[in-house]
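Working notes, structure below.
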Amino acid sequence: MNRRTTRTTRIASLAAIALAGSLALTGCNGDSADKSANAKTTEAADAKPQLAVTGAFIPEPAMDDMAGGFLTVKNSSTVADRLTSVTATGFAGKAEIHETKGGKMQQVKSFDIPANGTLDLKRGGNHIMFLEVKKKPKKGDSIPVELHFEKAGTVKVDMPVEAATHNPQQHH
Ligand code: CU
């Protein structure tokens, strides 16, 4: 075990010396080798997360110009992502993402979606906030919404409008 480790270390350092030598001797080759190594790293970083949006809904709002939106984003990949913004042109003049802390909600810049993790927007917690709502939505309506993710890009979802008391958590 120890001998092998020592041997590997020695080989690695020999390789490092050889690489340094080649860099010194042929600047161009060394450079291109460097670039391809970088390209590989970039490729891994650019890998798209696999996102699935489920359980989206908008409860019938109490107010005329404001509505909340809830959904779940499941990431079934090893690449983390972020929900950075939401748009719902035609429905709301503005859409924000909010967190709820100590019973008060406040706007945030993004929500993390961890690798192989889930982002849960639900009542009393993180949510989408539609502002300057043009026409108060009613149960049965379907609102086209665009979710903008840092890496996955734009994902379109139709968010059904449910009764004000609708709570998917209660079904479990
Ligand atoms: Cu809010």
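Note that these values count all heavy atoms, side chains included, but never hydrogens, waters or copies made by symmetry. Read the numbers this way: they start at 1 and go in the same order the structure lists the ligands and their atoms. Along the sequence shown, the residues carry numbers beginning at 1.
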* Asked: Take atom NZ in Lys74; do more than 12 heavy atoms of anything else shown fall under 6.0 Å from it?
  -> no

| query | Just wondering, more than 12 heavy atoms not from Lys134 lying within 6.0 Å of its NZ? | reply |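 Yes, NZ of Lys134 has more than 12 neighbouring heavy atoms, counting only those of other groups under 6.0 Å.
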
**Asked** Is any NZ, NE, NH1 or NH2 atom of the basic residue among Arg82 and Asp112 found under 4.0 Å from an Asp or Glu carboxylate oxygen of the other?
**Response** yes

Among side-chain atoms of Thr154 and His148, is any donor-acceptor pair under 3.5 angstrom? yes

Residue pair Asp120 / Thr118, side-chain donor-acceptor N/O under 3.5 Å:
no

Output every pair passing ring-ring contact (aromatic ring centres under 6.0 Å, His included) with a member in residues 61-90, not counting sequence neighbours, ordered by first then second residue.
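Only Phe57-Phe70 qualify under ring-ring contact (aromatic ring centres under 6.0 Å, His included).
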
Here the Cu ion (ligand 1) sees protein N, O or S atoms within less than 2.8 Å, and their number is 4

